[in-house]
**Q** 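Sharing a structure below in structure tokens format, with a few things to ask.
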Amino acid sequence: MTYDFANILFAGPCNRACPWCIGKSLPDTLNEENLSLFPPRGIDALVEAVNGHRIPEVVLTGTVTDPQLYRHEGALLGLLRERLHPGARISLHTNGALALRRMDLFNRYDRACISFPSFEPATYRAMMGPGGVPDLEGILRAARIPVKVSCVLDDPNLPEVDAFLARCARIGVGRVVLRRLFGDRRPFRVLEGRRPARTFRGNPVYEVEGMEVTVWDFDAATCRSVNLFPDGTLGRDYLLTETGAALSR
Ligand code: SF4
């Protein structure tokens, strides 16, 4: 069996409140808080799976919280560097709210993806709840690792897509992912009239103002992952909610 990546998932209070947060639809038992726990529950099984299957990437992310709220981020990075096979990349998937304050840790990953739906404060609030817009330009300036921007699309920010991409290009973003909301079956009209340069796992990739822009539809994506849930459960479904559904049946 081959896997594309493995997730280490955190749960606890978040510093944002996105109405579309996928992790909130998981059973509560999976979302057992682990922000203060070192090492995370089930880490030995995760390390064994990553090394046994030579999984190329391990992602620190959250079901219902931001992984940079994890109190032992540095210690966990040290443990993973020590115990994972030498080809394993370690990535951070974050909302970016703490990135500047924790830049020393941020730069210890191999790459990062920031969930960032808008530069406009009102739109940002509508999509991610209270909390200021992270200084994406400042993060890019301070980062010494590749940073990708992940932009969930919904009614509040759909009219801004072109302006959003133009500003991303201006501040030096190299890669953007425009993501359909999980379960959203409405027609997906972005970058219409453009021809994709290629596809990646079934999703079209465009070149826009010197950036690589992927339009990502979770339902169309063909990925395999191992997921270490906050309660220590090791799941093997790409769509987190499917593991939740399987466990709740
Ligand atoms: S930042 Fe992520 S974990 Fe936090 S509420 Fe939003 S989607 Fe959920």
Side-chain angles (χ1 to χ4, degrees), residues 5-37 40-41 58-73 76 91-102 105-106 109 111-136 139 147-158 160 164 176-184 216-219 221 223 225 227-231 233 235 237-245:
F5 56 92
N7 287 314
I8 298 176
L9 297 151
F10 293 95
C14 193
N15 45 13
R16 292 294 181 270
C18 312
W20 42 269
C21 183
I22 296 176
K24 289 179 186 148
S25 58
L26 291 171
D28 289 346
T29 48
L30 288 178
N31 280 332
E32 195 176 340
E33 177 161 355
N34 61 349
L35 289 177
S36 308
L37 204 65
R41 299 176 192 96
V58 174
V59 182
L60 271 64
T61 183
T63 51
V64 289
T65 191
D66 185 74
Q68 287 218 290
L69 285 165
Y70 179 50
R71 317 238 201 294
H72 306 285
E73 193 181 6
L76 180 57
S91 304
L92 172 68
H93 284 198
T94 175
N95 59 31
L98 293 174
L100 281 174
R101 255 183 284 164
R102 296 176 73 104
L105 290 165
F106 187 94
Y109 293 86
R111 59 185 188 175
C113 176
I114 298 185
S115 186
F116 186 87
S118 179
F119 291 94
E120 304 302 327
T123 311
Y124 186 89
R125 257 195 314 280
M127 306 249 342
M128 299 200 61
V133 183
D135 176 5
L136 186 59
I139 294 170
V147 177
K148 181 173 77 178
V149 169
S150 171
C151 173
V152 162
L153 292 177
D154 200 4
D155 292 333
N157 66 347
L158 269 168
E160 298 174 1
F164 177 82
V176 177
V177 180
L178 299 174
R179 284 169 46 204
R180 180 195 277 278
L181 274 172
F182 181 71
D184 185 353
W216 192 262
D217 179 347
F218 274 108
D219 296 344
C223 290
S225 71
N227 300 301
L228 178 60
F229 285 86
D231 71 334
T233 298
D237 283 307
Y238 168 55
L239 297 175
L240 299 186
T241 48
E242 282 182 8
T243 297

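We count ligands from 1, going down the list as the structure has it; atoms in each ligand are counted the same way. Computed over heavy atoms, backbone and side chain alike; hydrogens, waters and symmetry mates excluded.
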**Q** Flag atom 1 (S) of ligand 1 as yes if some protein heavy-atom distance to it falls below 4.0 Å, otherwise no.
**A**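 Answer yes: something from the protein, a heavy atom, is under 4.0 Å.
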**Q** Any chance you could measure Ser118, atom OG, to Leu136, atom CG, to the nearest 0.5 Å?
**A** 11.0 Å
**Q** Can you find a pair of side-chain heavy atoms, one from Tyr70 and one from Pro40, that are under 4.5 Å apart?
**A** yes
**Q** Examine ligand 1 and decide if any of its atoms is less than 4.0 Å from a heavy atom belonging to Thr65.
**A** yes
**Q** Numbering the atoms of ligand 1 from 1, which are under 4.0 Å from a heavy atom of Val64?
**A**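 Within the 4.0 Å cut-off of Val64, ligand 1 contributes 3 (S).
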**Q** How long is the span from the OH atom in Tyr109 to the CG atom in Leu60, to the nearest 0.5 Å?
**A**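 Here the rounded value is 4.5 Å.
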**Q** Mark up the atoms of ligand 1 that fall under 4.0 Å of a heavy atom belonging to Arg16, in ascending order.
**A**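 Numbered from 1, ligand 1 contributes 1 (S), 5 (S).
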**Q** Check whether any side-chain heavy atom of Phe164 lies under 4.5 Å from a side-chain heavy atom of Val149, and answer yes or no.
**A** yes
**Q** Using a 4.0 Å cut-off to any heavy atom of Asn95, which atoms of ligand 1 qualify?
**A** 1 (S)
**Q** Roughly how far, to the nearest 0.5 Å, is OG of Ser91 from NZ of Lys148?
**A**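 Those atoms lie 8.0 Å apart.
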**Q** From Cys18, does some N, O or S atom reach closer than 2.8 Å to atom 8 (Fe) of ligand 1?
**A**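 It does not: Cys18 brings no N, O or S atom closer than 2.8 Å to atom 8 (Fe) of ligand 1.
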**Q** If you measure from each non-hydrogen atom of Ile22 to ligand 1, which part falls under 4.0 Å: side chain, backbone, both or neither?
**A**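 For Ile22, no heavy atom sits under 4.0 Å from ligand 1.
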**Q** How far is atom 8 (Fe) of ligand 1 from its nearest protein heavy atom, and which residue and atom name does that atom have?
**A** Cys21 SG, 2.3 Å
**Q** Would you mind checking which non-hydrogen protein atom is closest to atom 4 (Fe) of ligand 1, with the distance to 0.1 Å?
**A** Cys14 SG, 2.3 Å
**Q** Can you confirm whether the side chains of Asn157 and Thr123 place a donor and an acceptor under 3.5 Å from each other?
**A** no
**Q** Would a distance-only check, ignoring hydrogens and angles, find a side-chain to backbone donor-acceptor pair under 3.5 Å from Asp154 to Met127?
**A**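 A pair under 3.5 Å: no.
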